[in-house]
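As structure tokens, the structure follows; a few thoughts come after it.
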Amino acid sequence: MTKKEKKQNEEIETKDILDITPVDDVEQIENEDLDADEEVEDEDDELVEEDSASDEEIDSIVSAAKAAQDDFDWEKFESNQNYYTNKERGSLEAMYDKTLSTVSENEVVEGIVVTVTKREVVVNIGYKSDGIVNVNEFRYNPELKPGDKVEVFVESQEDKSGQLILSHKKARALKSWDRVNQALEENEIVKGYVKCRTKGGMIVDVFGIEAFLPGSQIDVKPIRDYDVYVGKTMEFKVVKINHEFKNVVVSHKALIEAELEVQKKEIISKLEKGQVLEGIVKNITTYGVFIDLGGVDGLIHITDLSWGRITHPEEIVKLDEKINVVILDFDDEKKRIALGLKQLTSHPWDTLDKELQIGDKVKGKVVVMADYGAFVEIAAGIEGLIHVSEMSWSQHLRSAQEFLNVGDEVEAVVLTLDREERKMSLGMKQLKPDPWDAIDSKYPINSKHKATVRNFTNFGVFVEIEEGVDGLIHISDLSWTKKIKHPAEFTAVGSEIEVVVLEVDKENRRLSLGHKQLEENPWDVFETIFNVDSIHEGTVIEVSEKNVIVALPYGVEAISIPNHIVKEDGTQAKVDEKLDFKVIEFSKDAKKIFVSHTRTFEDAKKVQDDTEKQSKAAANKKSIKKVSDTIEKTTLGDVSDLANLKSELKKAEEKKANKK
């Protein structure tokens, strides 16, 4: 049997009961129906009104039932014979159907609220029985009452107990997006139920859709506790819909902004500069305080809270505190109001001691630090600047943070004082004597001292002998013997070094210092050791395209060139190789020694060649003399002797040639 056929049979059985029941029984059935409805109600025993059909229709049914009772044939009924003809039965069915609405499952219909209890809402949709809806589905509308029209979704015409089951939530969900879009287009006010908190705001149930209520859109005033709104039903405006992601944004603040705008215009129209008003601290930020002036907000910038420096406005005011403020400026168009608090009191410079003069000592507290100096508050709202150059006599300037910190109590001397401009400069170093006043007696020329390396340059080292007394060691005054390309090769920043005062420039506060002068000039001795043509063992320590550095005894470094480090076998000497070097040039004034390895064996060979040439020349000279002597004694008769002498000379030359 299909569902439709089952439904028709159930309706026929209901009509049969009405047809065969006496009037008293009909009334009893009606009472039983009322009792069944009362079972649906909660413990308050509220009666459910039976409103499924009009009074006239009920009277018609009752009359038909009485007429049927008079003509009822009990014998035929007991014999299970049909009492009504098909025509009569069809007429009765048509009459009954007129009293009911045609309802299908899974459709949205409009109904009338019959009763509202703590657990459920009874809704009449014109069906043979009333439907039940969970009261939680109406929590967005706490003002719901009997007689209100609502839309419901037919979930089931009859459950196991024969009850019509309805859902208001599903009906709202089916039409929610149409309603939300309509509310946005028509700027309509809607009701929503605040379900819970979320990051940055609240989740609100609007037409069955979970909409987002940003924290900034809850009220015109900052919200400190969102939880107080959870569970409340409020009015909202739909301000944004993202159809792609199905997101809805609502605002409660928008409802009251229009009214506030009217109030703002009225209040601003009555404002005047210099006017003193009472307000309430509405919000505190790092840059200032917002004050509620009774419908319009004004801002006190942090610099207008106090004549003195403060790090945060909370040092002066607290939330919800009532304070008096003065109007400094306002903008009618932008509706901005600038307020002041410190302007209610006189400026501290007006009360500054009239006897305070330049050179006086003052005490104060460091309130602000900067790289160029420190601001010191000597009284509330009165500050002076100690420039970093006035913190120490040292010419080696550093950051002010190396001398002072915020909160330090300091003593200083007034250097400048301008009461009209309300400016003051202070100094700390003036509390100590200037070390340059006695520089000549304390650091005479050729005196020896210990200093600390402070900085490097390409041309030398800056050192500090004491605070305020700095000097320069030129790179050429670091060592007598080593060729230093950069001071970092010789010392390090922060290291201690011994120095000799070479020159004092008191006017420009400069000292010329030396380090190598601590020792005697070794070049006086080197002149006797490394004389020209002397040969010494050396080590090649550096080779470049143009120059070669050679380490000689006694820590002396000499200079050569690549052509002069070629060995006898034709190869070039390498770094760390030890060889003999000949001094070919020595300059005491320039402190330079030029050496050559190649010259050591080239010069020796040259000497040998010269010696051989000299020996050969001497032998030839001796032979010629002997010949000359012989010629003098020769006569025309001694021709044979001359021939013999010539033969001997020839043999002697051949003998020498063989020896070679």
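All figures in this text were calculated on a predicted structure; none of them were measured in a lab. FYI, the numbering just counts along the sequence from 1.
Closest approach of F138 to V133, counting heavy atoms only: CE1-CG1, 3.5 Å. Taking each heavy atom of D297 and D292 in turn, the nearest pair found is OD1-CA, 3.7 Å. The two atoms that bring G200 and Y226 nearest to each other are C-CE2, 4.4 Å, heavy atoms only. Among all heavy-atom pairs drawn from E210 and K195, the shortest one is OE2-NZ, 2.6 Å. Of all heavy-atom pairs between L356 and R419, the closest is O-NH2, 3.3 Å. Minimum heavy-atom separation, Q275 to L271: OE1-CA, 3.5 Å.
In this structure the side chain of H312 reaches within 4.5 angstrom of the side chain of I284, judged on heavy atoms. The shortest side-chain heavy-atom distance between H168 and V121 does not fall under the 4.5 Å cut-off. Contact annotation: the side chain of N141 never approaches that of T233 to less than 4.5 Å [non-hydrogen atoms, C-beta and beyond]. Contact of the L166 side chain with the V154 side chain is registered, since non-hydrogen atoms from C-beta on lie closer than 4.5 Å. D304 is listed as a side-chain neighbour of Q343, based on a closest heavy-atom distance under 4.5 Å. For the pair V239 and Q217, the minimum side-chain heavy-atom distance is 4.5 Å or more. Here the side chains of L385 and L426 are not in contact, with every heavy-atom distance at 4.5 Å or above.
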Can you list the steps and then say if F236 with V194 is a side chain to side chain contact (heavy atoms under 4.5 Å, CB included)?
CA-CA 11 Å; F236 302 97; V194 182; 4.2 Å; yes
Verdict with supporting geometry, M424 and W349, side chain to side chain contact (heavy atoms under 4.5 Å, CB included)
CA-CA 11 Å; M424 180 190 307; W349 274 86; 3.9 Å; yes
Walk me through it: do L339 and I327 pass the test side chain to side chain contact (heavy atoms under 4.5 Å, CB included)?
CA-CA 5 Å; L339 305 175; I327 297 175; 4.0 Å; yes
Derivation of the side chain to side chain contact (heavy atoms under 4.5 Å, CB included) call for V388 and F403:
CA-CA 8 Å; V388 65; F403 294 95; 4.2 Å; yes
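Interatomic distance, I300 CD1 to I302 CD1, rounded to the nearest 0.5 Å: 11.5 Å.
With hydrogens and angles ignored, the 3.5 Å screen pairs no side-chain donor or acceptor of T115 with any backbone N or O of V122. No donor-acceptor pair closer than 3.5 Å links the side chain of E390 to the backbone N or O of H387. Checked by atom type and distance alone, the side chain of W393 never pairs as donor or acceptor with a backbone atom of E467 at under 3.5 Å. At distances below 3.5 Å, not a single donor-acceptor pair connects side-chain atoms of T198 with backbone N or O atoms of G201. In this structure, D353 contributes its side chain and E355 its backbone to a donor-acceptor pair below 3.5 Å.
Looking at S167 and E155, their side chains never bring a donor and an acceptor atom within 3.5 Å of each other.
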Side-chain donor-acceptor pairs of residues 358-380 under 3.5 Å, sequence neighbours excluded:
unit_1, atom_1, unit_2, atom_2, d
D360, OD2, Q357, N, 2.8
E377, OE2, G381, N, 3.3

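By the 6.0 Å contact criterion, NZ on K506 is enclosed, its count of non-hydrogen atoms from other residues, nucleotides or ligands being greater than 12. The environment of D505 atom CG is dense: over 12 non-hydrogen atoms of other residues, nucleotides or ligands sit within 6.0 angstrom. Within a 6.0 Å sphere centred on CD of E409, heavy atoms belonging to other residues, nucleotides or ligands number more than 12. Sparse packing is recorded around CD of E272, with 12 or fewer heavy atoms of other residues, nucleotides or ligands lying under 6.0 Å away. Counting non-hydrogen atoms of other residues, nucleotides and ligands closer than 6.0 Å to CZ of R510 gives a total of 12 or fewer. The number of heavy-atom neighbours closer than 6.0 Å to NZ of K237, taken from other residues, nucleotides and ligands shown, is above 12.
Here D470 does not pair with R454 in a salt bridge; the nearest charged N to carboxylate O distance is not below 4.0 Å. Between R422 and D350 there is a salt bridge, since at least one side-chain N of the basic residue sits less than 4.0 Å from a carboxylate O of the acidic one.
Between W307 and H347, the ring-plane angle classifies as tilted under the 30° and 60° cut-offs.
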